[in-house]
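Proteins come first, then strands; the chains are lettered A, B, ... in the order of their sequence lines, and each starts at number 1. Since the structure is predicted, the reported quantities are computational estimates derived from the model, not experimental observations.
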Protein chains: 2
Amino acid sequence: MKTNTLSRKQEIYRIAAKLFKEKGYSAVTMRDLAAAVGIKAASLYNHISSKQQILSETIIDIAEQFTEGIEMITIQDSDTITKLKAVISQHITLTANNPYGMAALNNDWMHLEGKLDYYLALRSKYEKKFEKIVQDGKMSGELKDVNTEILLYSILTTLRNLYLWIPKKADLKKDELIEGLSVTLLQGVVK
Amino acid sequence: MKTNTLSRKQEIYRIAAKLFKEKGYSAVTMRDLAAAVGIKAASLYNHISSKQQILSETIIDIAEQFTEGIEMITIQDSDTITKLKAVISQHITLTANNPYGMAALNNDWMHLEGKLDYYLALRSKYEKKFEKIVQDGKMSGELKDVNTEILLYSILTTLRNLYLWIPKKADLKKDELIEGLSVTLLQGVVK
DNA sequence: CTACAAAACTAACAATTGTTAGTTTATTTT
DNA sequence: AAAATAAACTAACAATTGTTAGTTTTGTAG
């Protein structure tokens with residue numbers, strides 16, 4: 001049955017991503033994964049085709065969402081602060097949806113085999129769009145004239161590592177988180 | 001000869017840390033490491049005692065420096081902004097000294113075996129000292145009343161991931177970097 | 001030049017890796 | 001109930017892992 005197969009496959013993916021987060025792709029064996037799922041290693045192959053496929057689908061799926069999302073944001077006609085808040089919001093949403101997958105994307109992308117080049121292209125595209133938002137904001141005077149690289153690095157790093165933190169803070173409402181991060185990242189913390 | 005042995009050992013450590021950064025501890029084999037050093041895998045054992053020892057010494061050495069450093073900063077009698085700048089400065093300095101080691105500390109600490117508990121204790125100590133600086137700054141009114149966890153997470157994440165970025169920016173003078181990061185992290189980017 | 005120690009080598013080990021083949025058990029469809 | 005499909009199992013594979021043993025080469029001190 002199709003739905004059952006799918007949900008079992010997705011369960012394996014979910015558990016795999018969790019293990020990848022804890023120990024990294026290379027340190028997770030198919031026997032580890034099988035044990036966590038509750039079956040034998042060979043049985044995994046009734047549902048998935050390879051270890052690499054698990055990593056690849058997990059990462060590429062998320063990376064595509066990010067790239068599509070920022071394209072939507074860049075074409076919308078709004079000011080820089082609104083766009084930056086939308087970027088922050090997207091990171092929070094996607095990370096909350098799949099924190100373990102985000103961990104794999106952050107830490108294990110270099111173990112992609114067939115899809116490595118594609119992933120790097122997606123990432124590069126994303127970073128360019130993000131940089132354009134910042135550049136426009138500086139040109140229009142909405143942002144301070146701080147070093148662009150430092151600013152990009154600082155914000156992107158914080159957002160990319162939200163997966164480390166969001167799962168522990170289920171209590172923080174999403175809106176509070178967006179607001180708090182926006183203030184901290186954009187307006188600073190010094191009174 | 002002692003100096004020669006030491007420098008060879010340190011060379012192996014340096015190369016190992018670089019490989020760990022690129023692929024992670026688990027994905028680096030002793031044969032990979034040996035090839036990068038220019039010898040055979042078995043020959044490594046004339047200089048080091050195990051793969052685990054390489055990871056352990058690399059990480060613990062850096063973690064101790066961070067913990068000692070922040071203790072010095074917390075006992076000094078200065079205002080919050082000065083202390084936070086000192087923390088930022090320390091991160092930049094230690095990261096510039098050993099960016100690959102910082103990568104191992106960030107990404108491979110969970111593969112520590114004997115020294116895992118000790119590492120976690122050091123990290124916890126560090127985070128508590130950092131938090132106290134921020135709490136004091138909020139109490140004294142030097143910092144805005146933003147969510148402490150968000151603030152801590154945001155700044156610490158940025159600083160901990162400097163290793164991804166500092167090696168590419170050898171041109172940026174250290175002072176510029178400290179200043180740029182301090183402005184971005186503490187005062188924000190919105191005009 | 002000899003002797004000794006450091007550092008390289010080859011060969012091999014036991015364990016573990018991802019994966020396949022073939023078979024049996026469960027579950028669903030007819 | 002029979003037939004078909006899905007999903008589990010056992011057993012095994014070839015390759016790779018960290019590490020050890022034993023040997024040879026290299027370099028230095030007396």
### Message
Is there a side-chain contact between B:His47 and the phosphate of C:dA6, meaning an N or O under 4.0 Å from OP1 or OP2?
### Response
no
### Query
For A:Glu22, which residues count as a salt bridge (Lys or Arg N to Asp or Glu O under 4.0 Å) partner, sequence neighbours excluded?
none
### Message
Rounded to whole Å, how long is the line connecting atom CG of B:Asn46 with atom C1' of D:dT23?
### Response
12 Å
### Charged N-O contact under 4.0 Å between A:Asp136 and A:Lys83
no
### Query
Can you name the ring-ring contact (aromatic ring centres under 6.0 Å, His included) partners of A:Tyr119, sequence neighbours left out?
A:Trp109
## Note on the structure
The correct set of residues in residues 14-21 of chain B placing a heavy atom under 4.0 Å from DNA chain D is none
### Query
In chain order, what residues pass the salt bridge (Lys or Arg N to Asp or Glu O under 4.0 Å) check against B:Asp79, with sequence neighbours excluded?
none
### Query
For A:Ala16, which residues count as a side-chain contact (heavy atoms from CB on, under 4.5 Å) partner, sequence neighbours excluded?
A:Phe20, A:Leu33, A:Ile54
Listing time: all N or O pairs from protein to nucleotides 13-18 of chain D that are below 3.5 Å?
from	atom 1	to	atom 2	distance (Å)
D:dG18	OP1	B:Val28	O	3.3
D:dG18	OP1	B:Lys51	NZ	3.0
D:dG18	OP2	B:Met30	N	2.8
D:dG18	N7	B:Arg31	NH1	2.9
D:dG18	O6	B:Arg31	NH2	3.0

### Query
For A:Ser49, what residues pass the side-chain contact (heavy atoms from CB on, under 4.5 Å) criterion, not counting sequence neighbours?
A:Gln53
### Message
Give the residues of residues 107-119 of chain A touching DNA chain D, defined as any heavy atom closer than 4.0 Å, sorted by residue number.
### Response
none
### Selection: residues 33-43 of chain B, any non-hydrogen atom under 4.0 Å of DNA chain C
B:Ile39, B:Lys40, B:Ala42, B:Ser43
### Message
Suppose we screen for ring-ring contact (aromatic ring centres under 6.0 Å, His included). Which residues come up paired with B:Tyr163, at least two apart in sequence or across chains?
### Response
none
### Message
Per the ring-ring contact (aromatic ring centres under 6.0 Å, His included) rule, what does the pair list look like for residues 60-94 of chain B, sequence neighbours excluded?
### Response
B:Phe66-B:His91, B:Phe66-B:Tyr126, B:His91-B:Tyr126
Solution key, residues 147-157 of chain A side-chain donor-acceptor pairs under 3.5 Å, sequence neighbours excluded:
from	atom 1	to	atom 2	distance (Å)
A:Asn147	OD1	A:Glu149	N	2.9
A:Asn147	OD1	A:Ile150	N	3.1
A:Thr148	OG1	A:Lys138	NZ	2.6
A:Glu149	OE2	B:Lys169	NZ	2.5
A:Tyr153	OH	B:Thr158	O	2.3
A:Tyr153	OH	B:Asn161	O	3.2
A:Tyr153	OH	B:Leu162	N	2.8
A:Thr157	OG1	A:Tyr153	O	2.7

### Basic-acidic side-chain contact under 4.0 Å: B:Glu127, B:Arg160
yes
